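Start at 1 and go down the list; that is how both ligands and their atoms are numbered. As the structure is a prediction and not an experimental result, all values here were calculated from the model. Side chains included, hydrogens not; waters and symmetry mates left out as well; all remaining heavy atoms used.
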Amino acid sequence: MWSLRQRIFKKINSTWLFVKRILLDYFWIMIKENVKTTIKGLTLPELREYFISLGEPSFRAEQVFKWMYGDRVDGFDEMSNLPKPLRDKLSDSFSVNTLRYSTSELSPVTGTKKYIFETNEGDKIESVVIPEKKRTTLCISTQVGCPLDCKFCATGLMGFKNNLTAGEIFDQFKLAGRDYQNSEITNIVYMGMGEPLLNFKETVKSLEIFSDELTTGINLKRITLSTVGIAPKIKELEETGLKVKLAFSLHSCFEDIRNKIMPINKKYSLNENIVELKSYAAKTKTKITFEYVMLEGINDREEDIKALARLMSTIPSKLNIIPFNSLEHMDPSGLAGKLRSTPIERIQKFADKLKEKNIIVKLRNTQGDDIAAACGQLAYHSQN
Ligand code: SAH
């Protein structure tokens with residue numbers, strides 16, 4: 001009797017040990033997998049912390065940082081100044097690649113090249129390289145899709161799927177830069193899919209990485225972050241001291257119109273945002289770029305010119321006027337389906353009247369040639 005109980009007890013015990021081992025293995029794999037996706041995207045201070053925790057000298061952080069973001073290698077084997085055992089250990093736990101090249105499309109007229117990259121989770125994101133006379137700009141995404149539902153925006157129509165990590169934000173530069181051999185990328189705009197200030201932490205980390213002198217050589221004066229206006233996050237960005245250039249998707253100076261075309265305005269009003277933008281411009285000593293997509297009958301009236309001139313006289317700024325790229329191919333419903341671009345001759349007059357009022361205005365006539373316009377079209381084709 002006793003031995004039967006003993007046997008049952010033993011059986012339970014061994015089964016439990018077996019289950020425990022499987023669980024531990026599972027958790028270990030999970031932790032490793034998790035870490036694997038996160039080393040790319042670690043900033044220099046984070047890498048220092050990591051190597052110190054391994055008992056390694058902290059200069060290993062600088063070495064790995066340079067290899068990952070400066071030389072942009074594909075594996076730890078290439079990090080030749082690291083001891084072999086450390087390289088092996090890192091290869092076991094981490095991967096330095098966060099994206100895979102999927103497809104690309106080159107415009108033979110403008111030289112603009114659109115890339116589709118795939119994350120390790122299988123999400124598709126888009127980036128665009130836009131060559132200009134004196135510079136080559138890379139437009140990058142910060143989210144897969146976008147939660148904001150701006151009525152004129154292709155990405156908004158597809159909805160939100162995921163935030164990108166700082167590593168995934170960086171690797172768009174790595175892959176596009178490697179492929180685009182016409183010239184080096186000189187500028188970066190955060191104007192691709194998503195709202196960067198709603199993925200604040202990873203966006204800021206990516207800015208820290210891009211702008212570090214050990215990595216890309218692109219300083220913050222050549223990086224522009226575009227936002228719909230998440231007022232408290234503009235404040236937080238200012239507090240980081242990063243001094244990245246800011247573009248603000250204005251599109252109307254009137255709260256009620258902005259509420260309709262950009263529903264996020266009901267949460268963070270234009271007024272609230274303007275307060276933060278003024279503070280940001282003053283603190284960083286930069287001009288704010290106001291982006292303005294021309295929508296017929298909505299924001300192209302005489303009163304819009306007056307309101308723009310009034311607003312812009314109160315803040316160091318310039319205006320980037322963008323012809324609206326139609327969303328007709330997406331067959332949107334409601335207001336999105338009714339939007340039309342202001343005809344180009346009227347856009348020209350609109351711009352001229354603002355210039356007469358001493359507003360700095362930039363307008364390019366060729367659709368798709370403009371950076372914001374090229375970026376504003378991201379999202380649809382790859383997802384469908
Ligand atoms: N969420 C951020 C960044 C992404 S959109 C933001 O809204 O600022 C970046 C820019 O793309 C917008 O400011 C807008 O100027 C442009 N854009 C979006 N949809 C567009 C369209 N259909 N036609 C032209 N430009 C568009």
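- At least one heavy atom of Pro323 sits under 4.0 Å from some atom of ligand 1.
- The residue Asn320 has no part lying near ligand 1, judged by heavy-atom distances below 4.0 Å.
- With a 4.0 Å cut-off on non-hydrogen atoms, Glu195 touches ligand 1 through its backbone as well as its side chain.
- The aromatic rings of Tyr292 and His251 are tilted relative to each other, their planes meeting at an angle between 30° and 60°.
- Here His251 has side-chain heavy atoms under 4.0 Å from ligand 1, and that is the only part of it that gets that close.
- At least one heavy atom of Gly192 lies less than 4.0 angstrom from ligand 1.
- Screening residues 110-137 for ring pair (Phe, Tyr, Trp, His ring centres under 6.0 Å) gives Tyr115-Phe117 as the qualifying pairs, with residues at least two apart or on separate chains.
- Residue Gly156 places every heavy atom at 4.0 Å or more from ligand 1.
- Salt bridge Arg178/Asp74: present, at least one basic N to carboxylate O contact under 4.0 Å.
- Of all the heavy atoms of Asn325, the ones lying under 4.0 Å from any atom of ligand 1 are found in both the backbone and the side chain.
- Partners of Phe173 under the ring pair (Phe, Tyr, Trp, His ring centres under 6.0 Å) rule, at least two apart in sequence or in another chain, are Phe170, Phe210.
- Comment: Asp71 does not engage Lys66 in a salt bridge, judged by the lack of any side-chain N to carboxylate O separation of less than 4.0 angstrom.
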